[in-house]
Number of protein chains: 2
Amino acid sequence: MFVKPTRDRRAERREATRAEIVDAAWELVRAEGLAALSVRDLARKVGLQAPSLYSYFASKNAIYDALFAQGAAQYLEDVEAQLTPTGDPLQDLRAGMHAFVRFCTDDPVRYQLLFQRTIPGFEPSPESFAISIAGLESVQRRIAGLGITEPGDLDLLTALGTGLTDQQISNDPGGDRWIRLVDSAMEMYFTHVTHRKSRP
Amino acid sequence: MFVKPTRDRRAERREATRAEIVDAAWELVRAEGLAALSVRDLARKVGLQAPSLYSYFASKNAIYDALFAQGAAQYLEDVEAQLTPTGDPLQDLRAGMHAFVRFCTDDPVRYQLLFQRTIPGFEPSPESFAISIAGLESVQRRIAGLGITEPGDLDLLTALGTGLTDQQISNDPGGDRWIRLVDSAMEMYFTHVTHRKSRP
DNA sequence: TAGGTTTCACGAACATCGTTCGGAGTTTGC
DNA sequence: GCAAACTCCGAACGATGTTCGTGAAACCTA
């Protein structure tokens with residue numbers, strides 16, 4: 001019978017504890033808010049004392065960074081899952097923006113962590129940041145692939161998406177007013193770019 | 001020679017100190033960020049010890065609220081100053097949005113305090129909040145007065161303004177790329193609403 | 001199985017934070 | 001001139017993120 005080297009078992013258990021800490025951190029952060037996360041509370045939730053967490057994470061910000069990386073990975077995965085062009089640019093625009101706003105409103109805390117910069121001393125590490133950038137670039141490539149926009153239009157669409165998400169989260173969480181709003185915005189955008197294309 | 005009652009002199013000096021504290025708080029907050037404001041630092045900046053501040057403000061959040069109220073008053077004043085319709089709706093839209101984005105980007109910290117909710121335990125008092133609401137409603141009245149929009153379009157325009165401001169502040173502070181972006185956005189919006197109006 | 005090394009959990013403690021308290025020192029009202 | 005009110009401040013409290021040293025496991029080597 002194959003027995004794993006003990007060295008791997010040690011690393012495995014360490015990784016499991018790290019994952020457990022991250023999961024507990026998500027729970028606390030979703031319940032109490034991003035800034036309300038306390039190292040002592042988090043430690044107690046996983047059955048440890050506060051200083052013990054520092055065996056797994058160099059600082060509280062390192063824990064935030066683990067959350068950021070996980071959220072960015074989910075974002076990238078979600079974006080990739082939406083990469084199924086139908087041939088109808090307007091419908092693709094709508095579907096993509098629906099997916100994006102849905103992703104953000106499904107977990108406002110994750111959105112806040114990923115796309116707003118609201119935690120006082122925290123900056124994501126370059127590695128974690130690269131993951132989220134990969135997601136954003138994937139979105140941009142997709143929209144550019146629709147063949148209806150020019151480079152400047154992407155800024156416009158980004159601003160539109162940001163504003164829609166922000167307004168949705170702060171004004172009408174859980175409602176579906178945002179669906180009509182997104183549809184209207186995408187129609188507006190589509191009319192804009194095609195109208196410009198049709199001119200000489 | 002007229003001599004003010006001493007009671008008024010006392011109140012006057014108290015109000016002067018309060019104003020001095022608020023000014024110093026703006027300075028610190030602009031230099032170090034909203035969340036980095038420390039009661040002890042602020043006290044030292046006005047030549048006091050930390051507990052003395054509590055003779056003037058009930059809590060640190062009360063200081064934030066004073067900043068909020070002052071920022072909201074500036075916002076209201078700025079909005080009112082822009083209430084000069086020219087008769088050209090598109091130009092008015094552009095000018096209004098230029099003014100708004102300029103107001104926000106001129107002082108990102110003020111924007112963050114007024115329109116983002118980024119300070120952990122702070123909620124503006126109803127009185128301060130009412131001032132900012134008055135500004136927003138003034139903007140909405142103005143846009144509605146242009147006679148080109150329907151109620152749903154205001155949400156769209158708000159989302160657009162939010163997104164433009166957010167993207168400008170986080171990506172290109174101080175640059176003028178936002179001018180082209182705002183112009184393009186307003187043109188897009190204008191085309192959208194007039195195009196819909198021209199249909200039966 | 002025995003001895004040596006690495007890893008980890010914890011109690012104590014530190015600096016800093018917002019805030020409270022009690023008592024001086026000053027200003028005001030009568 | 002005296003009592004009341006107002007300011008100011010040193011000391012201290014509870015909570016925060018974090019460091020240090022200790023001791024007990026877990027692991028590797030023999």
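Each chain gets a letter, A, B and so on, in the order its sequence line appears, and its residues count up from 1. Worth knowing before you read on, the calculation uses all heavy atoms, side chains too, and leaves out hydrogens, waters and symmetry mates.
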Think B/S52 has a side-chain N or O under 4.0 angstrom from the OP1 or OP2 of D/dC9?
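Checking B/S52 against D/dC9: at least one side-chain N or O falls below 4.0 Å of OP1 or OP2.
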
May I ask you to verify if any side-chain N or O of B/S38 is less than 4.0 angstrom from the OP1 or OP2 atom of C/dG18?
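It does, given that an N or O in the side chain of B/S38 lies less than 4.0 Å from OP1 or OP2 of C/dG18.
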
Between B/S59 and A/S55, which is nearer to the 5' end of DNA chain C once each is assigned its nearest nucleotide?
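The residue closer to the strand's 5' end, by nearest nucleotide, is A/S55.
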
On DNA chain C, does the nearest nucleotide to A/Q49 precede the nearest nucleotide to B/K60 from the 5' side, or the other way round? Give the residue.
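Closest to the 5' end, via its nearest nucleotide, is A/Q49.
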
Distance in angstrom units between [X] [atom1] and [N] [atom2], rounded:
X      : N      : atom1 : atom2 : value
A/I119 : D/dT16 : CD1   : C1'   : 16 Å
B/L37  : C/dT19 : CG    : P     : 11 Å
A/E12  : D/dA26 : CD    : P     : 16 Å
B/L28  : C/dG18 : CG    : P     : 12 Å
A/L42  : C/dA9  : CG    : C1'   : 15 Å
A/Y54  : D/dT19 : OH    : C1'   : 9 Å
A/F57  : C/dT7  : CZ    : C1'   : 17 Å
B/L48  : D/dT7  : CG    : C1'   : 9 Å

Under 3.5 Å donor-acceptor, B/D106 side chain and B/F103 backbone:
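Pair absent, no side-chain N/O of B/D106 close to backbone of B/F103.
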
Given 3.5 Å as the limit, does a donor-acceptor pair link the side chain of A/S184 with the main chain of A/L181, or not?
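Not at all, since once roles are kept as given, no pair shorter than 3.5 Å links the two residues.
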
Pick base, sugar-phosphate or nothing for [X], based on heavy-atom distances below 4.0 Å to the nucleic acid.
X     : answer
B/L53 : nothing
A/I63 : nothing
A/R14 : sugar-phosphate
B/Y56 : sugar-phosphate

Using 30° and 60° as the class boundaries, would you call the ring planes of A/F68 and A/F129 parallel, tilted or perpendicular?
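Ring orientation, 0 to 90° scale: parallel.
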
So which nucleotide from C/dT19, C/dT7, D/dC6 ends up closest to the side chain of B/R40?
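Among C/dT19, C/dT7, D/dC6, the one nearest the side chain of B/R40 is C/dT19.
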
If you assign each of A/P51 and B/G47 to its closest nucleotide in DNA chain D, which residue comes earlier from the 5' end?
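It is B/G47, whose closest nucleotide lies nearer the 5' terminus.
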
Quick one about B/S125 and B/D65 (side-chain donor to acceptor, distance below 3.5 Å, no hydrogens or angles considered), yes or no?
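Short answer, yes.
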
A/D166 and B/Q116: side-chain donor and acceptor closer than 3.5 Å?
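Absent: no donor and acceptor within the cut-off.
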
